[in-house]
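Following: one structure in structure tokens, then a few remarks.
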Amino acid sequence: MPNAHLHELLVDEMRDIMGAERQLLKGLKKLAGAAESPTLKQAFEEHYDQTENHIERLKSAFLNLGLHARGKKCKAMEGLLKEAEEITEEFEDSPAVLDAALIAAAQKVEHYEIASYGCIVTYAELMEHREVKELLGQTLAEEKETDERLTEIAMTEANVGEAV
Ligand SMILES: [Fe+2]
Ligand SMILES: [Fe+2]
């Protein structure tokens, strides 16, 4: 296998994002519960379903490498979700700002995922793990779409103030 020196790193990154995706399921439930705008609520709910699928893809990727699908606690996701909770509490009583705050928190999460999957897909390509590259490349594309969708919601409703 080419670039075998990347093997441990690839596996470690996959375990980290596996843990992160599992932690995120709980976080997305809270974000959906807190969102004021029905569009934003729906975006979070749909990403919850996608996230379940991301976990399934990771399981297939581990299987493809002949490994147990084991995750580890992702400290970064833990911190991002903690901050999401803090910001939700802070703006709970300001509905005009709350959704913008939730979008900011969710986009930080998406960017973390995009960075992780981006690295994983690159390693898989360099190591010629075609199946892993294909599977997790689909997830990477969905994380990017989610990020763009959140920007779209921010530009069209969440961050747009009332005309005075
Ligand atoms: Fe994900
Ligand atoms: Fe995501």
Side-chain angles (χ1 to χ4, degrees), residues 6 9-65 67-88 98-125 127 129-159:
L6 291 172
L9 183 59
L10 171 70
V11 173
D12 201 72
E13 291 286 348
M14 283 172 62
R15 295 206 162 121
D16 175 89
I17 199 71
M18 177 72 135
E21 295 278 24
R22 284 183 171 145
Q23 289 158 244
L24 180 57
L25 283 176
K26 225 168 146 189
L28 281 167
K29 272 245 170 353
K30 287 189 189 166
L31 288 168
E36 293 279 336
S37 133
T39 318
L40 183 58
K41 201 179 271 294
Q42 194 189 349
F44 287 143
E45 283 165 355
E46 285 178 19
H47 199 52
Y48 182 96
D49 294 339
Q50 281 184 326
T51 298
E52 285 188 322
N53 201 22
H54 296 175
I55 294 169
E56 290 310 309
R57 284 202 195 108
L58 279 165
K59 286 183 188 167
S60 307
F62 276 113
L63 199 70
N64 184 265
L65 297 175
L67 297 167
H68 287 292
R70 206 152 41 82
K72 66 173 190 181
K73 186 176 182 176
C74 173
K75 295 190 193 105
M77 186 59 75
E78 185 183 37
L80 288 167
L81 293 176
K82 212 174 160 74
E83 285 196 3
E85 239 171 89
E86 276 172 15
I87 212 168
T88 306
L98 181 63
D99 280 357
L102 297 176
I103 288 175
Q107 285 193 300
K108 288 176 189 175
V109 166
E110 291 314 306
H111 283 232
Y112 180 78
E113 289 187 298
I114 289 166
S116 296
Y117 282 111
C119 291
I120 289 170
V121 167
T122 301
Y123 304 151
E125 181 168 5
M127 297 174 76
H129 291 313
R130 286 188 189 85
E131 178 93 16
V132 174
K133 185 199 157 199
E134 173 63 28
L135 277 166
L136 303 184
Q138 287 171 35
T139 297
L140 176 60
E142 286 176 7
E143 308 293 16
K144 287 181 180 168
E145 276 167 25
T146 301
D147 180 48
E148 281 162 21
R149 187 172 176 193
L150 290 169
T151 298
E152 179 74 28
I153 297 172
M155 296 301 283
T156 53
E157 44 182 303
N159 296 10

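First listed ligand is number 1; within each ligand, the first listed atom is number 1.
Within E143, OE1 is the N, O or S atom that lies nearest to the Fe ion (ligand 2). Its N, O or S atom nearest to the Fe ion (ligand 1) is what matters here, and for H54 that atom is ND1.
Using modelled atom types, one finds no donor on one side chain facing an acceptor on the other under 3.5 Å when comparing E13 with S116. Looking at H129 and N64, their side chains never bring a donor and an acceptor atom within 3.5 Å of each other. Using a 3.5 Å distance cut-off with no hydrogens or angles, the side chains of E110 and H47 do pair a donor with an acceptor.
Residue E21 counts as close to the Fe ion (ligand 1), with an N, O or S atom under 2.8 Å. Backbone or side-chain N, O or S atoms of E113 reach the Fe ion (ligand 2) at under 2.8 Å.
In this structure, K59 pairs ionically with E56, as a charged nitrogen and a carboxylate oxygen lie closer than 4.0 Å.
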